[in-house]
Amino acid sequence: MSNQRRFQAPKGTRDFLPEDMAIRRHIETAWRETSTRHGFEEIEGPTFEHLGLYTVKSGEGIVSELFSFRREGGRDDYALRPEFTPTLARMVAARGPGLPRPVKWFAVPTHYRAERPQRGRLREFVQWNVDMLGLDSPTADAEVLATGISALEALGLDPSMVTVRISHRDAVALGLESLGVSSESMTSAFELLDRRDKMPPEVFAEKASALGLDDDGLSDFDRLARTRRSIRGDLADLASESGVAAEAFAPLEGLRDALVDAGLADWCEWDLGIVRGLAYYTGSVFEVHESGGRERAIAGGGRYDGLVELMGGPPTSAVGFGMGDVVLGLVLEDRGLLEEVRPAPPRVFVLSAGEDADRPAHRLLAELRRAGIHARRSYKTTRNVGKLLGEASRAGATRAVILGSELGEGRVQLKDLVSGEQELVPLDEVVRMISGSESANG
RNA sequence: GCGGCUGUAGCUCAGGGGUAGAGCACCUGGUUGUGGUCCAGGAUGUCGCGGGUUCGAAUCCCGUCAGUCGCCCCA
């Protein structure tokens with residue numbers, strides 16, 4: 001290590017040692033199993049795309065946030081994918097007309113963003129994407145949300161720990177309109193709504209008045225932005241709390257019914273301050289947050305009915321979300337839900353208690369593995385059976401097979417490492433006994 | 001791009017002008033067959049890097065790099 005150059009992982013990337021990888025697989029397994037159970041099929045796309053795929057949607061300003069490159073001598077600009085939705089929209093635009101509707105796809109891709117890393121945000125991360133296209137109904141929104149929530153539940157979270165905050169751009173637009181915001185100013189109003197907590201009150205007031213809001217309008221705007229309410233409640237209550245005319249919330253009715261019918265009411269609440277920066281959202285928008293508000297959003301998504309068309313496909317309704325592994329991992333860690341997650345332990349540990357037993361031990365090991373059993377041995381040279389059993393225990397094995405002098409009569413010790421009991425059994429029977437036993441492990 | 005904090009053994013850290021320590025982890029042994037304990041022993045660092053001050057710097061000063069947290073941004 002002295003006269004060689006030492007490399008470290010690039011900024012914002014992670015090395016996954018076995019313990020880390022076990023956690024990553026734990027999360028990804030929950031994502032995949034939940035997706036499949038809800039009828040979504042897995043897809044994958046290229047890790048890098050033409051740069052234009054991202055600038056067409058987000059403008060040139062996005063480039064500074066991307067890892068983009070041009071091949072030496074090449075003419076095309078590429079970028080490592082910062083998100084999956086453009087790839088998805090491209091795939092659907094290309095193949096969409098021939099696909100049975102609705103399209104229900106999910107992916108678990110890695111993504112890359114050239115940002116300054118901080119808690120909950122890295123330069124390389126995994127993000128679960130769940131999307132449903134071609135069904136213009138709130139039941140699609142609810143089904144997508146049900147899938148996300150179900151995965152959180154599978155990972156041990158419950159409604160006391162996380163909340164899905166939901167809004168709807170149409171409802172908020174109608175509400176803002178009733179406060180006097182013109183349709184030309186609507187985009188700016190959304191932007192102001194999104195960023196209201198990031199500016200001093202004077203600046204907020206100034207920008208609000210630029211939208212045509214007087215003092216009353218400003219206070220109503222603020223009230224709307226802070227409105228949070230159970231989705232079980234009457235929408236009329238939402239109207240009275242936000243100060244906006246009840247008619248504005250008509251777009252929420254179908255969504256509310258679908259969420260309640262899907263059994264998601266305990267997890268969800270209306271939060272009219274949720275906007276999401278992305279310009280392509282057209283209807284429902286939502287974010288999943290840790291209840292204590294200590295971490296960044298665990299997931300975010302919404303309806304984006306115009307994007308497939310933007311990619312050259314037919315007009316296609318769409319709704320989906322992304323859930324990253326970084327914040328989710330932090331939340332699970334905070335809640336102590338990862339303590340039991342570790343690399344798979346072996347079902348059995350084979351050790352020889354004497355030189356004469358080495359070859360029979362190796363033969364047994366091979367036989368166990370051929371039978372599909374996760375079996376390990378020690379590579380130490382010691383004959384100290386105590387040390388070897390210690391190694392078996394540390395590896396997490398619940399049983400050990402000890403081959404020794406009893407081999408002369410064709411028998412070995414089969415030891416239960418949990419109870420400490422052991423019995424002499426015929427060598428020929430070991431594989432059958434272990435494969436036939438009920439074991440939660442490996 | 002800006003700011004706070006932190007860089008000493010594989011990990012967590014202590015120390016602090018006279019050329020380095022602890023715990024954990026790791027390895028070996030405890031002689032020929034029973035456990036995460038115990039005992040004994042062992043390896044490991046250019047104290048992030050560069051420069052300056054000094055007889056002497058891990059220690060003080062300057063710079064730089066890296067990590068981390070936050071701001072900006074956040075698909």
Side-chain angles (χ1 to χ4, degrees), chain A residues 1-15 17 19 49 53-59 61-66 79-89 111-123 125 127 129 191 194-195 198-199 275-281 285 287 294-297 299-302 304 307 320-324 326-327 330 349 351-357 378-407 412-422 424:
Chain A
M1 86 169 58
S2 55
N3 54 359
Q4 294 176 329
R5 180 164 170 198
R6 294 198 72 174
F7 289 102
Q8 61 184 151
K11 185 198 297 292
T13 64
R14 293 168 288 177
D15 292 328
L17 271 55
E19 293 72 21
E49 291 271 10
L53 183 70
Y54 304 113
T55 55
V56 70
K57 177 176 72 74
S58 309
I62 194 74
V63 175
S64 66
E65 305 296 326
L66 302 177
L80 295 179
R81 62 185 172 202
E83 57 169 325
F84 193 69
T85 308
T87 296
L88 176 85
H111 297 285
Y112 306 86
R113 297 180 183 175
E115 301 179 289
R116 187 80 177 261
Q118 48 193 287
R119 185 175 175 86
R121 201 170 71 170
L122 300 175
R123 289 184 158 191
F125 56 95
Q127 184 174 281
N129 288 262
E191 195 178 318
D194 193 25
R195 302 176 48 75
K198 298 188 174 180
M199 55 183 76
V275 175
R276 309 282 304 155
L278 270 181
Y280 60 60
Y281 286 120
V285 285
E287 293 179 352
R294 297 305 303 165
E295 305 287 354
R296 295 165 183 281
Y304 52 99
L307 192 58
F321 70 83
M323 181 183 295
V326 181
V327 176
L330 290 170
F349 200 94
L351 57 94
S352 74
E355 211 172 308
D356 293 346
S378 175
Y379 297 92
K380 293 187 199 302
T381 53
T382 180
R383 294 291 168 206
N384 185 326
V385 173
K387 279 197 187 302
L388 296 174
L389 286 171
E391 185 179 345
S393 290
R394 279 192 298 278
T398 51
R399 286 195 293 189
V401 180
I402 304 164
L403 289 81
S405 58
E406 303 89 342
L407 274 175
V412 298
Q413 297 285 358
L414 179 58
K415 185 176 179 74
D416 184 320
L417 291 169
V418 179
S419 67
E421 289 167 10
Q422 66 183 38
L424 211 49

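Naming: A, B, ... by sequence-line order, numbering from 1 per chain.
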In Watson-Crick or G-U wobble terms, with both distances under 3.5 Å, the base opposite B:C71 is B:G1
I'd like to know if A:Ser393 reaches the base of B:G35 with its side chain such that a donor and an acceptor end up less than 3.5 angstrom apart. yes
Ignoring hydrogens and geometry, is there a side-chain-to-backbone donor-acceptor pair from A:Arg113 to A:Glu65 under 3.5 Å?
no
message: So A:Gly322, base contact, sugar-phosphate only, or nothing? Heavy-atom distance under 4.0 Å.
response: nothing
The Watson-Crick or G-U wobble partner of B:G63, with both key distances under 3.5 Å, is B:C49
| said: Mind checking if A:Asp416 touches a base, just sugar-phosphate, or nothing, with heavy atoms under 4.0 Å? | reply: base
Does B:C71 have OP1 or OP2 sitting under 4.0 Å from an N or O in the side chain of A:Gln118? yes
When both distances are under 3.5 Å in a Watson-Crick or G-U wobble arrangement, the nucleotide paired with B:A57 is none
Checking N1-N3 plus N6-O4 or O6-N4 for Watson-Crick, or N1-O2 and O6-N3 for wobble, each under 3.5 Å, the partner of B:G35 is none
Say whether, by atom type as modelled, one donor and one acceptor occur between the side chain of A:Arg296 and the main chain of A:Arg119 under 3.5 angstrom.
-> yes
- Task: Apply side-chain contact (heavy atoms from CB on, under 4.5 Å) to A:Thr13 and A:Leu122, showing your working.
- Result: CA-CA 7 Å; A:Thr13 64; A:Leu122 300 175; over 6 Å; no
Which is true for A:Arg195 with a 4.0 Å heavy-atom rule: it touches a base, it touches only sugar-phosphate, or it touches nothing? sugar-phosphate
Taken to the nearest whole Å, CG/A:Asn384 to P/B:A40 is 18 Å
Among the nucleotides B:A75, B:G36, B:C2, whichever has the atom closest to the side chain of A:Leu66 is B:A75
Side-chain-base donor-acceptor pair under 3.5 Å for A:Arg121 and B:C74:
yes
B:C24 -> Watson-Crick or G-U wobble partner, both distances under 3.5 Å, gives B:G10
Side-chain atoms of A:Arg296 come closest, of B:G36, B:C2, B:C71, to B:C71
- Query: Checking only heavy atoms, does the side chain of A:Arg113 share a donor-acceptor pair with the base of B:C73 at less than 3.5 Å?
  - Reply: no
Comparing nearest nucleotides in RNA chain B, the 5'-proximal residue of the pair A:Pro10, A:Gly390 is A:Gly390
**Q.** Whether over 12 other heavy atoms sit under 6.0 Å from A:Arg14 CZ
**A.** yes
